[in-house]
**Q** 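Pasting a structure here, questions to come.
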Amino acid sequence: MRLRTDVLIRLQKKLAKKILICPLTKEGERGKINSTSSSVPPILNPKNSPWLIAATDLGIKGDTFKAAIVVYELKVFSDRPPSLELIDEVVYRGNTSSIRFPYIPGFLSFREIPPLLKAFKKLSVSPDVILCDGQGIAHPRGVGLASHLGLTLRKPSVGCAKNKLCGNYGLLPPQKGSWVPLVYDGLTVGVVYRSRTGVKPIYISPGHLTDIPSSIALVELCLGRFRIPEPLRRAHILSNSL
DNA sequence: GCGACAG
DNA sequence: ATCTTGTCGC
Ligand SMILES: [Mg+2]
């Protein structure tokens with residue numbers, strides 16, 4: 001039997017109004033005005049380090065699913081590359097049969113959030129921001145997985161997807177670090193970002209309590225030698241291991 | 001009606 | 001996402 005999406009669509013439209021797009025800051029600094037009034041993301045300022053970066057992913061293998069959360073401590077320096085140190089990891093296992101929704105493009109959050117919330121209950125630390133395997137506001141109704149999770153947990157979140165859900169964009173140079181706006185319905189909702197030279201790009205969009213510049217900066221600071229930022233890569237591996 | 005379509 | 005080994009290319 002087909003899933004009735006009309007109720008879900010109404011909920012998404014209501015949630016969309018609650019999403020806040022602003023520079024990424026720590027909870028205590030939220031709402032304060034930039035002392036320098038500059039457009040430089042606060043996370044790039046060494047003075048604001050360290051940051052606790054969480055990443056989440058869900059893996060389904062046969063009759064078992066695993067919701068994984070990893071937490072890294074990010075330190076930004078003025079005279080050397082940023083450092084990432086693994087702080088904590090948790091995995092919540094459950095029966096695949098307990099997953100209430102099938103996968104339908106545009107409604108991924110309803111399928112993945114319940115298991116992810118279970119995993120968050122096992123987490124003892126409180127991250128400053130959550131990286132999600134999926135879109136943020138780059139969504140037909142502006143509420144992708146990252147946005148929905150951020151709103152639910154009342155925490156900053158960033159969407160980092162391996163594929164596009166919606167929107168259009170122009171030619172993207174092959175060099176690592178290049179990016180172009182991702183436009184949907186006349187609005188720039190994120191960017192298509194080249195994390196590795198000559199490699200398929202990733203799709204970055206703000207989830208909640210962050211903006212596009214801060215989202216790009218966060219992902220860049222978390223990149224290692226792979227296409228996917230290290231925390232998300234680790235969460236993905238963890239959610240698929242034994 | 002047709003094409004697009006996160007994980 | 002999952003099902004799956006070796007193989008092609010930089
Ligand atoms: Mg995933």
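Letters go in sequence order (proteins before strands), and every chain restarts at 1.
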**Q** Applying a 4.0 Å non-hydrogen cut-off, can you work out what F65(A) is touching in the nucleic acid: base, sugar-phosphate, or nothing?
**A** nothing
**Q** Under 4.0 Å between a Lys/Arg side-chain N and an Asp/Glu carboxylate O for R234(A) and E89(A)?
**A** yes
**Q** Checking S195(A) side chain against R227(A) main chain: does a donor-acceptor pair fall under 3.5 Å?
**A** yes
**Q** Send over the distance from I99(A) CD1 to dA1(C) P, rounded to a whole Å.
**A** 13 Å
**Q** Under 3.5 Å, is there a donor-acceptor pair between the side chain of K118(A) and the main chain of K121(A)?
**A** no
**Q** Hey, where does DNA chain B pair up into stems, meaning at least three consecutive Watson-Crick or G-U pairs with distances under 3.5 Å?
**A** none
**Q** Does K26(A) make a cation-pi contact with W51(A), if we ask for NZ or CZ under 6.0 Å from the ring centre and within 45° of the axis?
**A** yes
**Q** So G59(A), base contact, sugar-phosphate only, or nothing? Heavy-atom distance under 4.0 Å.
**A** sugar-phosphate
**Q** Verify the cluster assignment for L11(A) and L20(A): are they in a single hydrophobic cluster under the rule of side-chain heavy atoms below 4.5 Å apart?
**A** no
**Q** Remember a base hit wins even if backbone is also touched, and classify I60(A) as base, sugar-phosphate or nothing at under 4.0 Å, heavy atoms.
**A** sugar-phosphate
**Q** If the threshold is 4.0 Å, N to carboxylate O, is there a salt bridge linking D133(A) and K162(A)?
**A** yes
**Q** Are N45(A) and V76(A) side-chain neighbours, meaning at least one heavy-atom pair lies under 4.5 Å?
**A** no
**Q** With a 4.0 Å cut-off on heavy atoms, is H148(A) in touch with a base, just the backbone sugar-phosphate, or nothing at all?
**A** nothing
**Q** Using atom CD of Q175(A) as one end and atom C1' of dC10(C) as the other, report the distance to the nearest whole Å.
**A** 16 Å
**Q** Taking CG from D133(A) and C1' from dA1(C), how many angstroms apart are they, rounded to a whole number?
**A** 10 Å
**Q** Backbone N or O of T64(A) within a donor-acceptor pair of the N95(A) side chain at under 3.5 Å?
**A** no
**Q** Does the side chain of K162(A) get closer than 4.0 angstrom to OP1 or OP2 of dA1(C) through an N or O atom?
**A** yes
**Q** Under 6.0 Å between ring centres, would you say that holds for H148(A) and F110(A)?
**A** yes
**Q** Going 5' to 3' along DNA chain B, which nucleotides are the first and last within contact of chain A (any atom under 4.0 Å from a heavy atom)?
**A** dC5(B) to dG7(B)
**Q** So what does N240(A) hit on the nucleic acid, given a heavy-atom distance under 4.0 Å: a base, only sugar-phosphate, or nothing?
**A** sugar-phosphate
